There are 2 protein chains.
Amino acid sequence: MPTPTAARQQSLREQNLALVARAVFDAPRPPSRAAVAHHTGLTRATVSSLVDLLVRAGIVAELAPRAPKSAGRPAVPLVAAPRTIVGLGLELNVDYVAGRVVDLAGTTVAEAVQPGDFHDTDPTAALGLVGQLARALVTDVEAQGMRVAGARLALPGLVDVRHDRLQVAPNLGWSTLDPLPLLGLPDDVPAHVANEANLAGLAQLRPARTVGTVDTVDTAHDDAPGPGTSSYLYVSGDVGIGAAIVVDGELWLGRHGWGGEIGHVVVDPAGTRCRCGATGCLEQSAGKAALLRAAGLPSSSTADDLARAADDGDPRALAALASAGLALGTVLAGTINLLDLDTVLLGGIYAVLADHLVPTVRAELDARVLASPWAPVGVRTAPVSDYAATTGGAQDVLRAVVESPSALVEEARA
Amino acid sequence: MPTPTAARQQSLREQNLALVARAVFDAPRPPSRAAVAHHTGLTRATVSSLVDLLVRAGIVAELAPRAPKSAGRPAVPLVAAPRTIVGLGLELNVDYVAGRVVDLAGTTVAEAVQPGDFHDTDPTAALGLVGQLARALVTDVEAQGMRVAGARLALPGLVDVRHDRLQVAPNLGWSTLDPLPLLGLPDDVPAHVANEANLAGLAQLRPARTVGTVDTVDTAHDDAPGPGTSSYLYVSGDVGIGAAIVVDGELWLGRHGWGGEIGHVVVDPAGTRCRCGATGCLEQSAGKAALLRAAGLPSSSTADDLARAADDGDPRALAALASAGLALGTVLAGTINLLDLDTVLLGGIYAVLADHLVPTVRAELDARVLASPWAPVGVRTAPVSDYAATTGGAQDVLRAVVESPSALVEEARA
DNA sequence: CCGTTTATGTTTAACGGAACAACTAATAGG
DNA sequence: CCTATTAGTTGTTCCGTTAAACATAAACGG
């Protein structure tokens, strides 16, 4: 929701700074100032002036000129500045806490994971642990001269993004909680809370090009949603089932940030009772627990165990996956009928089980989506999977930086 | 999606013109230039200059100064200009064609309805009839000195808004069709096609204050969604079931404009076969035909007949409504879980049957919406009902005018 | 009755930012 | 070495907003 407010000269700067930054960030290869000018419609003069500001603010960096291949003055390639401004993504989930620091180039510059079992534990202790991990990451990267522009804490539950409050997290057994103060983050790191599946969905937008602490050659992901498909539905299966609705690169949050609770969409009104109090929720048909139970596996098994059983031809495993795929496909079809999205990305345990689920899901979508004859819905495995919410959280911080660079630009000028 | 483009000085004008126009249009009472300045954050000088342009373009009008009650120079009240720029909403439905002309003040200045049965008729003839009706309306209001800024044609089917094409309209028996050329509208009236339920949903945003061709005293609707609830889900029941997802006053269209097809969301995968080819669609549980059949009424009956039967205590009618309400509530709950909206408006036959449906729907929402303990979902009757899509279409035209007034402003200056 | 107060609306100069055009820079190719 | 070509910079102009002074029109209060 673009807050309708008075547009001043400064707004032009703001908007054009963001425009230029996006042009540099989204270009397939490092563009010159002239290329940016051509792409944005701004004049070369204006672009030069804006790029200078972005460079001084540490948002954009110049590369050494490439050996020129054609006539004319060689261009100065521009890239997203590496290791200057970074975002911090944090995640507290049922069986681990994790943090990841990502820079503007999309590189993970630091990360930390700590396994645990946080079901029914004390929120103060668990969030204190996240805070400890986060502070360690912050001091680490700040010692390397980077600046942490903000933090996002991903939680598996209903999160009121307006007030940064957790309403309820059934899988943690928590409710009504203000998590941020418990983290003890430095005051100059503005933090927000978000839903885990939402942030994980956001991470799919720009699959990291380089991973690790050393810059390496770009390894473009093949099955990454390329530019143009910046609208999709990301579905993440685990204990619960969450989703992210991403439209034109922006997350759908709804009025409070409670959007995407696909796990509690009804499959069968007469179905089994769900922890949420209702009956026949998707979670009861295609959640991890339901899957393992139907496959006859112990509840401590992993999605990999189930995948192996299915690969080995275990009939119960295959039946469980067929049934879950049907339920998932039914709900996805309804969602697509409502929202007219053209791509579904499967994440979490569904990414692991994709081989067995995708055919069923795809068939169900083809049969039930009214518009599928004219625009078939694509079903793919999500390109980013491990601790995706931390990546998404960090990227969300950086997105905010790129969308309104003037704060940093102003600061750099002083 | 705000197309990211270079911001020039002119963009400031554009944006601030729209800002001022909205401020005038949305104010509870005619505001002065100073009030607009205060509300928008612009200076009085800038507002004056912008208002002058809007007045000259025929978008805003000055009223005679009210007798002042307090000290200071009396204010000049500003209002949306009546009877200058108007929008034309057209609708072709199964049993009628209709057209409505609405001005910027929200007043219907001309309308025409012609009953008929267009099921399985020739599209060329039916659309020709709409065109005839439309041209008559245009010449009528143009003779009165008004200017038709554009037209919207509402159709009950899948409409590709990008290409103004009708993909399929099951209830009309039509498919793959470019309707606009068949209307024969004047070239200076830019027209677009849209889904009927989508436009009807848009009409709920600003219930018309005055109806008829003579300006009368404002009759504010009590159950109108006041300002602040410009986000809601509108559901329209008829032969088919359509919906409009309205967020912050804007319609959710999806990638192609096929959003809101709630009628084909699955209620019961094992249910009866639907015309769309799938099974157990909501339309088969809560559509008009299903309702009448379950109530034991002839298929030619109206919603009013059913309402009367229920009022009289007819057990079959009551059972039919209970069952439909359950199905509707289930699907709405899933929708709210996905989208986190806080209001549902019932339109079409559901408005007529509201007394019998609302309790069931509300109970289902309370039980199945995960977030309902923290933000109960409101269920209300849609304030605009008769030929709502024509009103919504006309308003959509005018919305476009207000959002980018510079075209008209430029023209007025020449 | 007339100055004072108060609020509305208009005029003026100044400022900030983008466009435009002319310029310099750096290279390939003949 | 000269020309064509492309990249980036510099100074000017134009445009829209702001800020502040000014004009206008009423109520208020002696």
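From a predicted model like this one, the values you see are computed outputs, not experimental measurements. No hydrogens, no waters, no symmetry mates; every other heavy atom, side chains included, goes into these values.
Side-chain atoms of A/R73 and base atoms of D/dA7 include a donor and an acceptor less than 3.5 Å apart.
Taking 4.0 Å as the cut-off between side-chain N and carboxylate O, B/D188 and B/R147 do not count as a salt-bridged pair.
In this structure, B/Q9 places its CD atom 8 Å from C1' of C/dG16, rounding to the nearest Å. One atom, CG of B/L50, and another, P of C/dT10, lie 12 Å apart when rounded to the nearest Å. When the P atom of C/dG17 is taken as reference, atom CG of A/L19 falls 16 Å away, rounded to whole Å. With rounding to whole Å, B/L63 atom CG is found 17 Å from C/dG9 atom C1'. One atom, CG of B/L12, and another, P of C/dA19, lie 12 Å apart when rounded to the nearest Å.
Judged by closest nucleotide on DNA chain D, A/S70 is the one of A/S70 and A/A7 placed further toward the 5' end. Heavy-atom nearest nucleotides on DNA chain D were determined for B/N16 and for B/P74, and the one closer to the 5' end corresponds to B/N16.
Backbone-only contact: B/V76 has heavy atoms under 4.0 Å from sugar-phosphate atoms and none from a base. Contacts of A/A45 with the nucleic acid, taken as non-hydrogen atoms under 4.0 Å apart, include base atoms.
Side chains of A/R13 and A/S49: a donor on one and an acceptor on the other come within 3.5 Å.
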